[in-house]
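Proteins get letters first, then strands, A, B, ... in listed order; numbering begins at 1 in each.
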Amino acid sequence: MKQLKRIKGTQDALPEKTMQWQALEKHIRRNMALFNFREIRTPVFEMTEVFARGIGQFTDIVSKEMYTFQDRSKKSLTLKPEMTAPVMRAYMENSLYAQAPLQKLYYIAPLFRQENPQAGRLRQFHQYGAEFIGSPAPEADVETIVLALHIFEELGLTNVRLRINTVGDPESREPYKLLLQDYLKHNIPNPEPQVAERIANNPLRVLDSKDEKLREVIAGAPKLVDHLKEKAAEHYRSVKTQLESAGVSYSEDPTLVRGLDYYTHTVFEITSDALGAQNALCGGGRYDLLARQLGGRDFPAVGFAAGMERILMALESQGKSLARPAVPDVFLITMGEAARATMTSWLAKLRRAGLSADADFLGRSVKAQFREANRSGTRFSLILGEDELNQKFFAVKDMKNSTQENVPFDSLTNYLLQKKESLTV
RNA sequence: GUGGGUGUAGCUCAGUUGGUUAGAGCACCAGAUUGUGGCUCUGGGGGUCGUGGGUUCAAAUCCCAUCACUCACCCCA
């Protein structure tokens, strides 16, 4: 029979790896709490509309890159490819705006996109992120950026770089688009069909092209920053001033854009040189137009999403580990039938006392049991043979110092708990 | 959707111009030490050489096809 395999673009997290995941998640939760963000969880799937409306029907994303399927009642459902739209949907559906004018929400979630895998890009991947809903103020943008950076700093990731830009408001952007289109049409003589289509439909997106020749043209293109109306200009100025006074170093990148038109004002990205071509650890921005696009009232909001696989990759390439392997406090070694018969009850007693305990489940030789104890990384082996059983004591072996001590049955757990405490101090 | 790279033991990889029963290190198991792990030594198990076809007296090696993985482009919410 053929070996079953996981599906393309998915990963099994083995115990070595899940330790890192757990540590990362713990780290995220701790720092989110530090900024007073609270967790929200949404279903792994949604009505396709949630994403189709959020993202816009015209893009390839909706038609090609989402896991969309019909359930038995012929409803079109989609595995969530991102979290911003579901969070906004949940925010409106549960009337969170009625509880308080501001909501600081965060999430940690698996997401699904049917793209071709490459370094740092999977079909099931995980993001954490924050959505700060309710405030149009630049202070909220700064709070969000500072939070994103804080988490990276605390992780000990080095060589992370913050780039920022503004995509303005519709009053600034619409006239600018025409200006840009005009420039691109005149300066790209024979555009590839894809590029021509871009210029026509989503000219901003041309700005972040990787094509060398295009980049030369783009370098001379008019910049949105230079064509902002006063309100948008003021917002951007304020964000920059506050970042500076908060001591945040950033660089401005006029080619940093977002593909979707619900974004407004601030956009930002945090990249790492420890990654491959997909070098963004985190991306975010203000999206004041999303709520309306989803069919609700206007709710100003700003947020970010960060790729957890990429963070773990970057940490690994910098030789950093977030977690130490867990080892049992004790390993029980029995010799002979009589001793072995008491194994289960001793394990239960140890565990009730709060000691993590393991033993041999193969009936192996003493030597093999010690080898197993050694492999487990435990500090203490508890040896129970005929002599010990008859005289009611354990031979407790310190695996590190290779010393051994006889401990009566009735003082065993206290003895071990004391040892454990003295080691952790 | 497009292009490059790679598929040999659980893992990392050797394998000469095609030539006998396909190797190493690590890991695993056992013995040396029948009540004591790590270090050392000795031994052992484990492979339809990704899959299918072709050429040949003979294929891991050459040819064709195919699949998988991987990196990059496209795209990137």
Quiz item: Is a donor-acceptor pair below 3.5 Å formed from side chain Ser381(A) to base G37(B), judging by atom type as modelled?
Solution: no
Quiz prompt | Donor-acceptor contact present, side-chain Lys80(A) to main-chain Thr42(A), <3.5 Å | solution = yes
Practice problem: Please figure out whether Leu122(A) or Ser209(A) has its closest RNA chain B nucleotide nearer the 5' end. | Solution: Leu122(A)
Quiz item: Does Lys367(A) get its side chain close enough to the base of U36(B), under 3.5 Å, for a donor-acceptor pair?
Solution: no
Self-check item: Base U36(B) paired with Gln404(A) side chain (donor-acceptor, <3.5 Å)
Solution: yes
Practice problem: For Thr264(A) and Asp288(A), indicate whether the former's side chain and the latter's backbone hold a donor-acceptor pair under 3.5 Å. | Solution: yes
Quiz item: So, are Glu192(A) and Arg198(A) salt-bridged, with charged N and O less than 4.0 Å apart?
Solution: no
Quiz item: Atom CG of Leu207(A) and atom P of C75(B): how far apart are they, to the nearest Å?
Solution: 13 Å
Quiz item: Does the pair Asp71(A)/Lys74(A) count as a salt bridge with the N-to-O cut at 4.0 Å?
Solution: no
Quiz item: Would you say Gln118(A) reaches A72(B)'s phosphate, i.e. side-chain N/O to OP1/OP2 under 4.0 Å?
Solution: yes
Practice problem: Remember a base hit wins even if backbone is also touched, and classify Phe125(A) as base, sugar-phosphate or nothing at under 4.0 Å, heavy atoms. | Solution: nothing
Exercise. Report yes if a donor N or O on one partner sits less than 3.5 Å from an acceptor N or O on the other, where the partners are the side chain of Asn374(A) and the base of G37(B); otherwise report no.
Key: yes
Self-check item: Spacing of Met313(A) atom CE relative to C71(B) atom C1', expressed in whole Å
Solution: 11 Å
Quiz prompt | C29(B) versus G50(B) - spacing of their C1' atoms, nearest Å | solution = 28 Å
Practice problem: Please determine if a side-chain N or O atom of Arg198(A) lies less than 4.0 Å away from the OP1 or OP2 oxygen of C75(B). | Solution: yes
Quiz item: Which is true for Glu372(A) with a 4.0 Å heavy-atom rule: it touches a base, it touches only sugar-phosphate, or it touches nothing?
Solution: nothing
Exercise. Using whole Å, report how far CD of Glu65(A) lies from P of A77(B).
Key: 10 Å
Self-check item: Protein-nucleotide distance (Arg364(A), atom CZ; G37(B), atom P), rounded to Å
Solution: 14 Å
Quiz prompt | Separation of U70(B) C1' from Glu115(A) CD (nearest whole Å) | solution = 17 Å
Quiz item: Has the side chain of Arg113(A) got a donor or acceptor that lies under 3.5 Å from a partner of the other kind on the base of C76(B)?
Solution: no
Quiz prompt | Sugar-phosphate only, base, or nothing, as touched by Ile383(A) at under 4.0 Å among non-hydrogen atoms | solution = base
Exercise. Confirm from the modelled atom types if Arg205(A) and C75(B) form a donor-acceptor pair under 3.5 Å, side chain to base only.
Key: no
Quiz item: Quick one: Gln194(A) CD to C75(B) P, roughly how many Å, whole number?
Solution: 5 Å
Quiz item: Hey, does Ala373(A) reach any base, or is it just sugar-phosphate, or nothing, if we go heavy atoms under 4.0 Å?
Solution: nothing
Self-check item: Glu388(A) CD to G35(B) P, straight-line distance once rounded to whole Å
Solution: 12 Å
Quiz item: Just how far, in rounded Å, is P of C73(B) from NZ of Lys213(A)?
Solution: 18 Å
Practice problem: Using the P atom on both, measure U42(B) against C26(B) and round to a whole Å. | Solution: 11 Å
Practice problem: Assign Gly283(A) to base, sugar-phosphate, or nothing according to its heavy-atom contacts below 4.0 angstrom with the strands shown. | Solution: nothing
Quiz item: Any Lys/Arg nitrogen of Asp169(A) or Lys229(A) sitting under 4.0 Å from an Asp/Glu carboxylate oxygen of the other?
Solution: no
Practice problem: Return the nucleotide paired to U66(B): Watson-Crick means purine N1 to pyrimidine N3 with N6-O4 or O6-N4, wobble means G-U with N1-O2 and O6-N3, both under 3.5 Å. | Solution: G50(B)
Quiz item: Would you call Glu337(A)-Arg340(A) a salt bridge at under 4.0 Å N-O?
Solution: no
